[in-house]
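Computation of the quantities below employed the complete heavy-atom set of this structure, encompassing side-chain atoms and omitting hydrogens, waters and symmetry-equivalent molecules. Just so you know, these numbers come straight off a predicted model, no measurement behind them.
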Amino acid sequence: MPNLPDVVLWSIPAFVLLTVVEMISVRLHPDEDAAGYDAKDSATSIGMGLGSIAFDFLWKIPIVAIYTALYELTPLRVPVLWWTLPLMLLAQDFFYYFSHRGHHVVRVLWACHVVHHSSEKFNLTTALRQPWTTLTVWPFYVPLIAVGVHPAALAFCSSANLVYQFWIHTERIDKMPRWFEFVFNTPSHHRVHHASQGGYLDRNFGGILIVWDRLFGSFAPELERPVYGLTKKIDTFNPIKVATHEYVAIAKDLRAARSWGERAGRVFRGPGWRPARAAAATTAPAGKTTRA
């Protein structure tokens with residue numbers, strides 16, 4: 001297959017330039033209602049991003065091995081051509097939606113993804129706050145490998161999807177043209193996704209396209225100013241704690257569990273799930289979740 005560029009690597013200069021431009025814009029034209037920038041928060045986000053590069057390199061070893069084995073087993077082949085690549089990107093975005101949604105509704109998957117939602121700010125450095133345990137993502141893309149998409153082509157599409165999502169982590173853009181807002185993921189849609197208000201929780205999972213959310217009932221428009229972060233704040237800028245705090249919480253819940261059913265629920269049910277005895281003892285406020 002033809003060599004495909006490393007779009008993330010090639011995009012790093014643009015990431016740096018756009019972040020500097022946003023910082024200058026915030027300084028010159030401040031918005032008192034916006035979350036803005038915080039030096040410690042941005043440093044943590046950048047540190048999480050650098051750490052994710054190192055850990056992703058390690059996770060790629062078993063993932064590439066699995067994908068390669070599956071690719072060799074299937075008799076199907078999808079050639080990488082000028083017209084098939086957009087179709088593969090569309091398919092990858094489709095499965096990204098379900099991967100992203102799954103990482104919000106299954107607690108052990110949320111333990112990986114929660115990292116990206118842990119900042120109480122929303123700016124271009126927030127896009128860099130990536131998890132270090134992305135080994136949970138690969139099963140969602142097995143269907144693409146099974147129909148003959150080369151693992152390298154899938155990696156290219158995943159990288160392109162990630163690069164697209166960089167620019168939507170900003171408060172400096174209000175709304176895009178109406179047609180664009182209807183089809184594509186935008187800063188407005190993604191601000192909703194990062195918000196912690198009850199009506200905004202677990203909405204707008206799309207990567208490049210927002211049409212999947214419209215089709216599958218998870219879309220919410222931006223109607224009120226978002227409040228960013230988690231419903232239960234972690235109050236730390238320590239990258240290790242940011243990367244692992246939900247795994248630690250799961251371990252504590254497992255130790256306190258009274259049955260195997262409760263243990264399974266603590267791992268595989270939603271992030272806010274509690275057994276009936278605990279739910280009866282403590283009732284969450286209306287419209288909120290106990291998701292940490």
Side-chain angles (χ1 to χ4, degrees), residues 3-20 23 37-69 92 95-96 99-100 102-104 106-142 145 150-169 194 207 229-230 234-251:
N3 291 327
L4 295 171
D6 186 335
V7 290
V8 172
L9 182 63
W10 281 97
S11 299
I12 289 176
F15 291 168
V16 174
L17 176 61
L18 289 173
T19 301
V20 171
M23 287 179 174
Y37 271 86
D38 175 84
K40 290 183 178 180
D41 181 85
S42 293
T44 299
S45 294
I46 294 170
M48 296 302 300
L50 293 173
S52 73
I53 294 174
F55 280 101
D56 282 353
F57 180 80
L58 295 177
W59 299 134
K60 281 180 181 178
I61 297 172
I63 292 172
V64 169
I66 294 170
Y67 280 170
T68 301
Q92 188 276 335
F95 286 106
Y96 172 86
S99 171
H100 195 180
H103 278 72
H104 274 253
V106 177
R107 191 183 182 191
V108 69
L109 302 184
W110 172 246
C112 163
H113 185 63
V114 66
V115 170
H116 188 59
H117 287 264
S118 60
S119 174
E120 296 178 36
K121 304 296 181 181
F122 191 77
N123 52 59
L124 292 178
T125 65
T126 308
L128 306 178
R129 186 176 288 224
Q130 296 295 322
W132 295 356
T133 55
T134 52
L135 193 61
T136 59
V137 172
W138 71 267
F140 291 90
Y141 300 103
V142 166
I145 302 297
H150 194 282
L154 174 58
F156 172 82
C157 292
S158 297
S159 296
N161 199 316
L162 185 65
V163 168
Y164 176 89
Q165 290 186 58
F166 177 79
W167 77 279
I168 61 177
H169 290 81
H194 274 258
L230 305 173
I234 58 175
D235 296 323
T236 182
F237 296 109
N238 184 321
I240 296 176
K241 290 183 178 180
V242 172
T244 61
H245 75 273
E246 185 63 11
Y247 292 109
V248 172
I250 291 175

Given the rule in the side chain to side chain contact (heavy atoms under 4.5 Å, CB included) test, do Tyr247 and Thr133 qualify, once you have shown the distances and angles that lead to the verdict?
CA-CA 10 Å; Tyr247 292 109; Thr133 55; 2.7 Å; yes
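Nearest approach of Phe15 to Val163, heavy atoms of both residues: CZ-CG2, 4.1 Å. Considering all non-hydrogen atoms of both residues, Ser159 and Val7 come closest at CB-CG2, 3.2 Å. The nearest pair of heavy atoms linking Leu4 to Ala152 is CD1-O, 4.0 Å.
One distance of note links CG of Asp6 with CD1 of Ile12; it measures 8.0 Å at 0.5 Å rounding. Residue Ser119 holds its OG atom at 8.0 Å from CZ of Phe237, rounded to the nearest 0.5 Å. Separation of atoms CG (Leu135) and SG (Cys112) is listed at 9.0 Å; rounding is to 0.5 Å. We find the OG1-CD1 distance between Thr244 and Ile250 to be 11.0 Å, quoted to the nearest 0.5 Å. Note that the NE2 atom of His116 and the CE atom of Met48 stand 11.5 Å from one another [nearest 0.5 Å]. We find the CD1-CD1 distance between Ile145 and Ile66 to be 11.0 Å, quoted to the nearest 0.5 Å.
Between His194 and His169, the ring-plane angle classifies as perpendicular under the 30° and 60° cut-offs. In this structure, His104 and Trp110 have tilted ring planes: the angle between them lies in the 30° to 60° band.
Shown here is Leu50, whose CG atom has more than 12 heavy atoms of other residues, nucleotides or ligands within 6.0 Å.
Under the 3.5 Å distance criterion, the side-chain polar atoms of Ser99 are left unmatched by any main-chain donor or acceptor of Phe95. Between the side chain of Thr68 and the backbone N or O of Ala65, no donor-acceptor pair lies under 3.5 Å.
Within the structure, the salt bridge (Lys or Arg N to Asp or Glu O under 4.0 Å) test picks out no pair touching residues 115-127 (sequence neighbours left out).
Legend: residues meeting ring pair (Phe, Tyr, Trp, His ring centres under 6.0 Å) with Tyr141, ordered by chain and number and at least two apart, are absent. Listed by chain and number, the residues in a ring pair (Phe, Tyr, Trp, His ring centres under 6.0 Å) with Trp132 are Phe55 (sequence neighbours excluded). Residues passing the side-chain contact (heavy atoms from CB on, under 4.5 Å) test with Ile61, sequence neighbours excluded: none. Legend: residues meeting side-chain hydrogen bond (donor to acceptor under 3.5 Å, both in side chains) with Ser118, ordered by chain and number and at least two apart, are Arg129. With sequence neighbours excluded, the residues forming a side-chain contact (heavy atoms from CB on, under 4.5 Å) with Ser158 are Gln92, Leu154, listed by chain and number. Contacts of Asp56 classified as salt bridge (Lys or Arg N to Asp or Glu O under 4.0 Å), with partners at least two apart in sequence or in another chain: none. Among residues two or more places apart in sequence or in another chain, the ring pair (Phe, Tyr, Trp, His ring centres under 6.0 Å) test is passed with Tyr164 by Trp167. Remark: Thr19 pairs with Met23, Tyr37, Leu124, Thr125, Phe166 by the side-chain contact (heavy atoms from CB on, under 4.5 Å) rule, at least two apart or across chains. Partners of Thr136 according to the side-chain hydrogen bond (donor to acceptor under 3.5 Å, both in side chains) rule, which considers only residues two or more places apart in sequence or in another chain, are His103. Residues that satisfy the side-chain contact (heavy atoms from CB on, under 4.5 Å) test with Lys241, not counting sequence neighbours, are Thr236, Asn238.
Counting heavy atoms from C-beta outward, Glu246 and Leu230 have side chains that stay 4.5 Å or more apart. Val114 places a side-chain heavy atom less than 4.5 Å from the side chain of His245.
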